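Scroll down for the structure; my scribbles are underneath it.
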Amino acid sequence: MNKYNHKKIEAKWQKFWLTKKTFFAKDFSRKLKKYVLVEFPYPSGAGLHMGHLRPYVAGDVYSRYHRMKGFETLFPIGWDAFGLPAENYAIKMGVHPSKTTETNIKNAKKQMLSWGLSFDFSREVNTTDPSYYKWTQWLFLQFFKKGLAYESTGVINWCPKDKTGLANEEVIDGKCERCGTTVEKKELRQWYLKITAYAEKLLEGLKNLPEWPEAVKLQQENWIGKKTGINITYNFDLKNNYVLLHGFKGTPDGIFFPSLKKELNKQGVKYQAPQLPNASEPTEEEQVSFVLQNCQFDENTILFGHSLGAVVAMKVLEKLPIKIAGLVLAGGFTEPRFKDRPRNYHAKFNWKFDFETIKNKAKSITVLSDPTDFAIPIEQGKILSQKLNGALIEQNGLKPHFTNEEEPLILNILLPQITCFTTRPDTNFGATFVVLGPEHPLLKDRNILGIEEKIWKEIEQYQKQAVEAADMDRTAENRKKTGVFTGLYCINTLNNFKMPLYVADYVLGNVGTGAVVGVPGHDKRDFEFAQVFKLEVKRVVQKNANDAGDITSLDQVQEDEGIMVNSDFLNGMDIHAATEKIMDYMVEKGYGKRVINYKLRDWVFSRQRYWGEPIPLIHCEDCGTVPVPEKDLPVKLPNVKKYEPTGTGESPLADIEKWVKTKCPKCKKLAWRETNTMPQWAGSSWYWLRYADSKNAKEFASLKKQKYWTPVDVYFGGMEHTTLHLLYSRFWNLFLYDQGLVSQSEPYAKRHPHGIVLGPDGEKMSKSRGNVVNPDDIVKTYGSDTLRMYELFLGPHEAMVSWNNKGVVGVRRFLDRVWGWVNEIAEAPHQKSAGRKVGRSEVGESEVKDTEKVERSLNRLIKKITEDIEAFRFNTCISAFMEFHNEVKDEFITLESVKKFLVLLYPFAPHISEELYQRIGKSKSQTTLQTASWPSFDPVMIIDKTVEIVLQINGRVKGKITAPSGSEETAVKELVMQLPAVKQALVGESVKRVIFVKDRLINLVI
RNA sequence: GCCUUGGUGGCGGAAUUGGUAUACGCACUAGGUUUAGGACCUAGCGAGGGUAACCUCUUGAGAGUUCGAGUCUCUCCCAAGGCACCA
């Protein structure tokens, strides 16, 4: 008999499948569809490893099974090929990343084929292919057009090694997800995708995913981090009055003016907000003299101007005879150079300013500049603050050019109030201080709060330290609390308590409002802070009657349960009820606002690297940021010689003048391309849609094909992508769904995560540990069928397992035995052979049948394999095959039954199954088992004729009896009573109770 | 600190969902076969006691519910993963 030569037969069948296109899926087939997806790999130089193998084999088994079950099954693959390694290799070796990528893809594909994976290679996609990233760019522009892709300057995570900005999701334990380098903070202009706008939908969507593991959903939920609470605003004691000047074509009842006036009224602050004359055709002469004649100024006046109103304000100050308290300019400018279009008034104003005079007329000067301003170039803010020696605050308006109905920044600057977010307003009766994070906008300039010069120096020093310390030290455990007292006090409106205002770095700038109200009695961090600065600690929550009195140590701080005390009208209430009551109360009284806070941050979407999709935007001096027209997509990556990241926050593309300089699509004037590229996660945020229609040159994927194939029925992948790719792609899909561009709101009906495969030593596989098991080595020695089966046999698919080099042989031995067994049957039909009874039934000999044992074992096996594949219990499938073979190897079995066994084995070990199937069929022409249909089982055949029934006395096993299956209690009891062991046990006792479980056990209670 | 999932032989892991704990595989022991090694075949293999049939104990620890608990409930310990001075 010939030996099981895995090399020969595996190569043979792999070639057969490829040439016959066995696994190509048909669009719009009449069959029910099944879309099985695995995460497409990054084609690295090191090739694919165990981490890839695990989900791929699971997906393969699942796909092959469903094809046999009669589903039109799509099991596609592609290449997520943008990314750092190819680029780093290019830097080192000078080989273009596209070349490296091409070679690596070729190798990875060879590996996939050698593992016998049934991918549909006709739909292969490659994220670095211009025909693919054309659509990545096109999709990005949909975000841009809806205002969900925006540019902003902010402190972001920066990897000093990869020299690029990172998204929050890419920072793991303070380190770069790619290279493990400790991440720094850097203030940079970046592109963002507004994922926060979808926070609620992303959260809600999870409820419609019953087939996702709870752990995955929970992790996304925690990452989104929804918190409901209340923003409480605390006031200072103010003596100021205000003069508010609106802009061009404006009125004192437009944009944010009403909300501003409302707030001033509420606090009883005096203000004047005149309608300036001829707002649509303004002249300097007319407007300035109007203000000087109609408005009253004194030393407590703060003069505010928005847009052209800022120009008027400066001109007013030039002529004003007295000195005032402050000047605040929002969206102001010094020359009539606008980004959008010229204004009719530019000739009616004198654009020379007497900055020295203006400077001397106001004690403090603040300039507010919006980087997203559509009209005023951002340099204007800088120029104004420099010339006037004033504080510059660059911050996005809620609408560009500060034109929203509410502009909190302006409100905050004019009326220095402090807003604190809290989920526990019930404890506010115990609030004794207020803390601002060092990044707080009120601390951008001394003038805003009017902090004393001496204290201000201290604060500046503290801020500098906090920024330098970065997140690493700042979040370190058990860190001693530090801070600086501002010399100011806020009023706790509930009890008029004067709360000292501190600056401290335990309050983080990007959490909540960046300011915290300190309740030292009921928050451990606040308590620690209070101890350092010897601040008052008040008890307002009591766990039980015993713990009244002062709180003097950390473990007495009661955080999350108890009854209210010392809290006026909340006394005696449970904290949860009290929270609700006080929120209603605060909202009603107008000093609180219910808010929902999310931990989720907007997605930093630009990278300062070469090997990524260019962001398809053009910057024009006159037209602003303009999208590249669809007909000009894709914006191809230029060929360059130098790939090095500059490290300055500019992409290497910025150096390629020929590429950067272009024409504005709108006005055709000279303009500049955006030089940042997209992050790794861009291409994978929509790839499953492309598989449905991978060749489409007109759309990213037609709705018709999407409707046939999507959603993905099962998505195999790693837990590590839960808050990265999995969240990002849900976001893209939800957005595209809202635009009517995709047919399903959720992309993946079912997610099945896998555990990682550890090395033989139980440690994570890594080159440095030397414990890497290369799947290709296993293929060489034992064959891919063995590799696949052993990988599944290791343990539950979702569990972490460690590879055992010795264990592999067990699976190989099993396949060897199967090989010998089936060959023997094929060669010696219908006769005793080598001491075994084998035979065939398909030659018209109706008397030839399986033995009862075979019949029962086979039916059980069919049931087991079918159910276990559906439930992803692949490891127990392998055991079941072995058990089956052990049971029937010496039994008389028909060829028909052997074939059924091979069909069951096929999804797991396809090569050997195909080969053996062909051998028993004795057919010369090759067909594939893939087209065979999945066997069904007869439930009656599963039941044993006789069963073992366990005898228990008082719940302890005392013996076993054999009885016909289905025996009733009386019959079994009679049988049992005859047993000597029972008779002995019953001497002097009587049976009080009998518990009977059919076909399983009888328990006598005596 | 909070959240999630786990803890079963020497090892990887099964257990019809409350009903014979340790299936299947590895390792190990003995025998057979082989020129030898490997491979293969047969038998054994949770721990303790007994010549033996058999007895006792055992699913991280302890308690509870039940005729009966690896499985349910409570407390604690340990491990992995996630979040984190998150207000």
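Convention: sequence-line order gives letters A, B, ...; per-chain numbering from 1. From a predicted model like this one, the values you see are computed outputs, not experimental measurements. When reading the values below, keep in mind they use all heavy atoms of this one structure, side chains included, and skip hydrogens, waters and symmetry mates.
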Does the ring center of A:Phe814 lie less than 6.0 Å from the ring center of A:Trp819?
no
If the [atom1] atom of [N] is compared with that of [M], how far apart are they to the nearest Å?
| N | M | atom1 | result |
| --- | --- | --- | --- |
| B:rU42 | B:rG10 | P | 27 Å |
| B:rC26 | B:rC78 | P | 37 Å |
| B:rU22 | B:rU59 | P | 14 Å |
| B:rG60 | B:rG12 | P | 14 Å |
| B:rG18 | B:rG82 | P | 32 Å |
| B:rG62 | B:rC77 | P | 15 Å |
| B:rG38 | B:rA30 | P | 13 Å |
| B:rC41 | B:rU33 | P | 16 Å |

Compare the minimum distances between each of [options] and the side chain of [X], then state the nucleotide with the smallest one.
| X | options | value |
| --- | --- | --- |
| A:Asn875 | B:rG13, B:rU20, B:rA87 | B:rG13 |
| A:Val997 | B:rC67, B:rG19, B:rC3 | B:rG19 |
| A:Thr422 | B:rG12, B:rC83, B:rA87 | B:rA87 |
| A:Leu508 | B:rG19, B:rC86, B:rU20 | B:rC86 |
| A:Lys889 | B:rU42, B:rA87, B:rC85 | B:rU42 |
| A:Arg1000 | B:rU20, B:rU16, B:rA87 | B:rU16 |

Of A:Thr513 and A:Gly795, whose nearest nucleotide on RNA chain B comes first from the 5' end?
A:Gly795
5' priority, RNA chain B, between A:Leu794 and A:Asp816 [closest heavy atom]
A:Leu794
Looking only at side-chain N and O atoms, does [X] come under 4.0 Å of OP1 or OP2 in [N]?
| X | N | value |
| --- | --- | --- |
| A:Arg993 | B:rC67 | yes |
| A:Asn954 | B:rG68 | no |
| A:Arg956 | B:rC57 | yes |

Scan every strand shown for a Watson-Crick or G-U wobble partner of B:rA14, both distances under 3.5 Å, and answer none if you come up empty.
none
For B:rA30, the Watson-Crick or wobble partner whose two distances fall under 3.5 Å:
B:rU42
Once you apply a heavy-atom cut-off of 4.0 Å, does [X] come out as touching a base, just sugar-phosphate, or nothing?
| X | result |
| --- | --- |
| A:Met719 | nothing |
| A:Trp803 | nothing |
| A:Glu948 | base |
| A:Leu1001 | base |
| A:Ile995 | base |
| A:Lys481 | base |

Cationic N near anionic O, under 4.0 Å, A:Glu968 to A:Lys998
yes
Quick one: the side chain of [X] and the base of [N], do they pair up donor-acceptor inside 3.5 Å?
| X | N | result |
| --- | --- | --- |
| A:Asn1003 | B:rC67 | yes |
| A:Gln952 | B:rG19 | yes |
| A:Lys599 | B:rC83 | no |

Does any donor atom in the side chain of [X] or [Y] lie under 3.5 Å from an acceptor atom in the other side chain?
| X | Y | value |
| --- | --- | --- |
| A:Glu39 | A:His721 | yes |
| A:Tyr462 | A:Thr482 | yes |
| A:Glu887 | A:Ser857 | yes |
| A:Trp803 | A:Asn805 | yes |

What is the distance from [atom1] of [X] to [atom2] of [N], rounded to the nearest Å?
| X | N | atom1 | atom2 | value |
| --- | --- | --- | --- | --- |
| A:Glu221 | B:rC86 | CD | P | 19 Å |
| A:Gln219 | B:rA80 | CD | C1' | 13 Å |
| A:Arg812 | B:rC40 | CZ | C1' | 13 Å |
| A:Asp523 | B:rA84 | CG | C1' | 13 Å |

Per the glycosidic torsion and the 90° limit around 0, nucleotide B:rG62 is anti
For B:rU17, does the O4'-C1'-N9-C4 (purine) or O4'-C1'-N1-C2 (pyrimidine) torsion place it in syn, i.e. within 90° of 0, or in anti?
syn
Flag if over 12 foreign heavy atoms under 6.0 Å of NZ, A:Lys863
no
Would you say that A:Phe529 contacts A:Pro520 through its side chain, given a criterion of any heavy-atom pair below 4.5 Å between the two side chains?
no
Is any side-chain heavy atom of A:Leu726 less than 4.5 Å from a side-chain heavy atom of A:Arg751?
yes
Would you mind building the protein contact string for nucleotides 23-38 of chain B? One character per nucleotide, 5' to 3', B for base within reach (heavy atoms under 4.0 Å), S for sugar-phosphate only, - for untouched.
BBSSS-----------
Side chain to side chain contact (heavy atoms under 4.5 Å, CB included) with A:Met977: which residues, sequence neighbours excluded?
A:Lys973, A:Val982, A:Leu986, A:Val991
